[in-house]
Colleague: 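First the structure, which I've put down as structure tokens, then a few questions once you've had a look.
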Amino acid sequence: MASTGESAALSGLARSLVADNVLEHEIAVEAVQSAMKNRTPFVTHLVQNDLAKARDVAISAAKEFGIPLFDLDAFDSESVPKDIVSENLIRKHHALPLAKRGTRLFLAVSDPTNLQALDEIKFNTGLNTEAVLGEEDKLATAIDKFLDSQDTSLNMDETDFDDLDIEAVDENKEDDDVGAAADDAPIVKFINKILLDAIKMGASDIHFEPYEKTYRIRFRADGILREVTRPPQNLAPRLAARLKVMSQMDISERRIPQDGRIKLKISKNRAIDFRVNTLPTLFGEKVVLRILDPDSAKLGIDALGYEDDQKQLFLHALDLPQGMILVTGPTGSGKTVSLYTGLNILNTAERNISTAEDPVEINLEGINQVNVNKKVGLDFGLALRSFLRQDPDIVMVGEIRDLETAEIAIKAAQTGHLVLSTLHTNSAPETLTRLRNMGVPSFNIATSVSLIIAQRLARRLCKSCKKVLDVPKESLLETGYTEDEIGTFTVYAPVGCDKCVEGYKGRVGIYEVVKITDAIARIIMENGNSIEIGDAAKKEGFPDLRASGLKKVKDGVTSLEEVNRVTTGH
């Protein structure tokens, strides 16, 4: 039991949880601070980070505040009053309307101290709001279930396809001379179904691929490409034409690659963007669509998979008034989500944030985003120079590709601006040597770069079906574990069930987060190579990608084979 003095340092629900021995005092203090810093509800932060069980929190809160505890397992989304509370308010305050009785509206909440939720919903609805307590995990499920039931246009009945609102983001081209193929009703319905299937599966990319005698369509889900269908090969030109019309490309031009964008409005409240690229191949145009879901940038830093010390390094670098944060990794490793998570944390009314991207992947209100356009001479360098004349606090450059961009970014980082950017390298130490190879002086690198994050995405093991794997001690030693670690953890392997794909469900980040310390800066200025910088980083206590991956295996989050897949050779 915490002492009176200790509990006095906390207030509200946190103090109650300490008093009921649900949380230790130190953990409660850290949780309150982290939740405030990441703008995450306190109860959500506790449950997502496995700091406390949702039921224990709910029971303690009900007892302390005298609010009834409602069993959300018995919740029926059909009985919920419709169109009273907007989706934005439900998601913002994590509050679900349960019933309306006269002028009273009963709301399920997981944190009874969130009076702002009750007040704002009362103001918007004109109803007197009363809180009913629900367990955090069940409440999250119930909210998703209720909002999904409102999104009727995601049903896969063919009648829905004609109602989809599809528009190109760039509307500066004419629509004439489209041809009958692009407006062919069966082709239109088929492509709409493919797009919706990809969204429902949680795919990140869709590949339309023509070959000499076959045609296949593949989805990339959880980082792995899987074939979903094989339409007749003679449909290849018509499918490509339809996709090019949707994204406002020139359908008569089949000899050069083209880029475009599609906005797919699948309901009143939800729209998904697709980045489209065509490539002329031997047997027709291959078309790849990258699915850009704005919600992925709003996950919050706790959902990305950083270890606690890595997260604190990232948050500390974001707090600095100047310097450069570099995120590195191959295409599809989650660099954009990491950058936008950082921008979300920084996005306040007091800061001027500008980004230059090729192309802008996720639209964020409050951030000035510029699409790089080489055709008109607007490259990263020109955009950066313009930013610096517009009184910026934070600048994000989509990618440092050349010496000019690198020099301007470093100059900005040295003159009172926080700069975020990406590079295509395999590890944090290689990022520093890559900048030097571009022609950036070692002194400028050492004095401007404050943090480097190298990352990969590994598939998460399905919690419902993962099994214990007996791995010989010799194999674990060979993999990279120490004698002291062996026997202190359990290795799990994928199985596969109806809730997952091949034993995996979702992905988690594996990170190498390196702060540029005085010792590392000295090696950079002495023109040390990436091996020397890597050795210094390990001495400073920054684990590399491989070590971070093995930690995820120890925690039961992913499998050894998955870590080997994404980190071998790095």
Side-chain angles (χ1 to χ4, degrees), residues 161 164-185 187-199 203-210 215-220 225 231 235-266 270-281 283-294 296-297 331-332 336 340 355-364 369-380 383 398-399 401:
F161 298 155
L164 285 173
D165 185 2
I166 300 172
E167 63 184 55
V169 172
D170 182 6
E171 297 180 349
N172 60 356
K173 293 191 177 183
E174 294 297 325
D175 243 12
D176 54 357
D177 196 27
V178 162
D183 289 327
D184 191 355
I187 294 292
V188 171
K189 289 183 178 180
F190 176 78
I191 286 183
N192 288 351
K193 183 179 189 306
I194 291 293
L195 299 187
L196 288 172
D197 279 346
I199 293 167
S204 60
D205 303 86
I206 311 171
H207 293 242
F208 294 82
E209 302 172 309
Y215 189 93
R216 70 177 176 182
I217 298 173
R218 294 190 291 173
F219 293 168
R220 187 182 294 279
L225 273 171
L235 292 181
R238 297 161 70 186
L239 291 170
R242 172 60 188 164
L243 289 165
K244 288 165 76 174
V245 167
M246 290 167 68
S247 48
Q248 291 288 345
M249 296 181 193
D250 181 359
I251 67 164
S252 64
E253 179 56 78
R254 302 182 184 90
R255 298 164 300 171
I256 59 172
Q258 296 187 62
D259 291 292
R261 264 174 104 98
I262 299 168
K263 182 183 286 293
L264 180 65
K265 294 180 181 176
I266 54 179
R270 193 175 176 204
I272 302 287
D273 284 350
F274 297 83
R275 193 174 80 203
V276 188
N277 176 266
T278 66
L279 181 71
T281 67
F283 301 106
E285 288 181 288
K286 174 176 178 175
V287 186
V288 177
L289 284 71
R290 165 66 59 90
I291 302 173
L292 310 173
D293 189 351
S296 64
T331 302
T336 301
Y340 272 102
T355 75
E357 302 166 71
D358 183 18
V360 173
E361 294 199 3
I362 299 167
N363 300 326
L364 279 183
Q369 297 170 283
V370 174
N371 241 336
V372 169
N373 186 347
K374 289 184 179 177
K375 290 179 183 175
V376 298
L378 178 57
D379 57 12
F380 284 120
E399 184 184 347
R401 296 177 180 170

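For clarity, every value in this text was computed on a predicted model and none was experimentally measured. Sequential numbering from 1 along the given sequence is applied to the chain's residues.
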Colleague: For the atom pair CG (Leu225) and CD1 (Ile206), what is the distance rounded to the nearest 0.5 Å?
Modeller: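 Going from the CG atom of Leu225 to the CD1 atom of Ile206 covers 11.5 Å.
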Colleague: Any donor-acceptor pair under 3.5 Å linking the side chain of Asn371 with the backbone of Val360?
Modeller: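 Checked: pair present.
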Colleague: Ignoring hydrogens, what is the shortest heavy-atom contact between Asn192 and Met246? Give both atom names and the distance.
Modeller: OD1-CE, 4.5 Å
Colleague: Should Met249 and Val287 be marked as a side chain to side chain contact (heavy atoms under 4.5 Å, CB included) after you check the CA-CA gap, both sets of side-chain angles, and the distance that decides it?
Modeller: CA-CA 12 Å; Met249 296 181 193; Val287 186; 5.9 Å; no
Colleague: Residues two or more places apart in sequence or in another chain: which of them pass side-chain contact (heavy atoms from CB on, under 4.5 Å) with Arg401?
Modeller: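 Asp358, Lys374, Phe380, Glu399.
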Colleague: If you measure from CD1 on Ile272 to CG on Leu196, what distance do you get to the nearest 0.5 Å?
Modeller: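 One gets 10.0 Å once the value is rounded to the nearest 0.5 Å.
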Colleague: I need the minimum non-hydrogen distance between Ile291 and Ala198, along with the two atoms involved.
Modeller: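 For Ile291 versus Ala198, the nearest heavy atoms are CD1-CB, 3.8 Å.
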Colleague: Is there a side-chain contact between Thr336 and Leu292 (heavy atoms, below 4.5 Å)?
Modeller: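 No, too far: nothing below the 4.5 Å cut-off.
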Colleague: Please assess Leu243 against Phe208 for the test side chain to side chain contact (heavy atoms under 4.5 Å, CB included), listing each intermediate value before the final yes or no.
Modeller: CA-CA 10 Å; Leu243 289 165; Phe208 294 82; 3.6 Å; yes
Colleague: Tell me if a side-chain donor or acceptor on Gln258 pairs with a main-chain N or O of Glu253 at a distance below 3.5 Å.
Modeller: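 Indeed, once roles are kept as given, a pair shorter than 3.5 Å links the two residues.
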Colleague: Measure the shortest side-chain to side-chain distance between Phe190 and Leu235 over non-hydrogen atoms and say whether it is less than 4.5 angstrom.
Modeller: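 No, too far: nothing below the 4.5 Å cut-off.
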Colleague: Report yes if the side chains of Leu378 and Val370 come closer than 4.5 Å at any heavy-atom pair, otherwise no.
Modeller: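 Yes; the side chains approach each other to less than 4.5 Å.
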Colleague: Checking side-chain hydrogen bond (donor to acceptor under 3.5 Å, both in side chains) against His207, which of Lys286, Arg220, Arg218 comes through?
Modeller: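 The option that passes is Lys286.
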Colleague: What are the two closest heavy atoms between Val188 and Arg242, and how far apart are they?
Modeller: CG2-NE, 3.7 Å
Colleague: Is there a side-chain contact between Phe274 and Leu195, using heavy atoms and a 4.5 Å cut-off?
Modeller: yes
Colleague: Out of curiosity, Ile217 CD1 to Ile194 CD1, how far, rounded to the nearest 0.5 Å?
Modeller: 4.0 Å
Colleague: Can you check side chain to side chain contact (heavy atoms under 4.5 Å, CB included) on Leu364 and Thr355, steps first, answer last?
Modeller: CA-CA 11 Å; Leu364 279 183; Thr355 75; over 6 Å; no
Colleague: Write down the atom of Arg254, the atom of Pro280, and the distance for their closest heavy-atom approach.
Modeller: O-CB, 3.4 Å
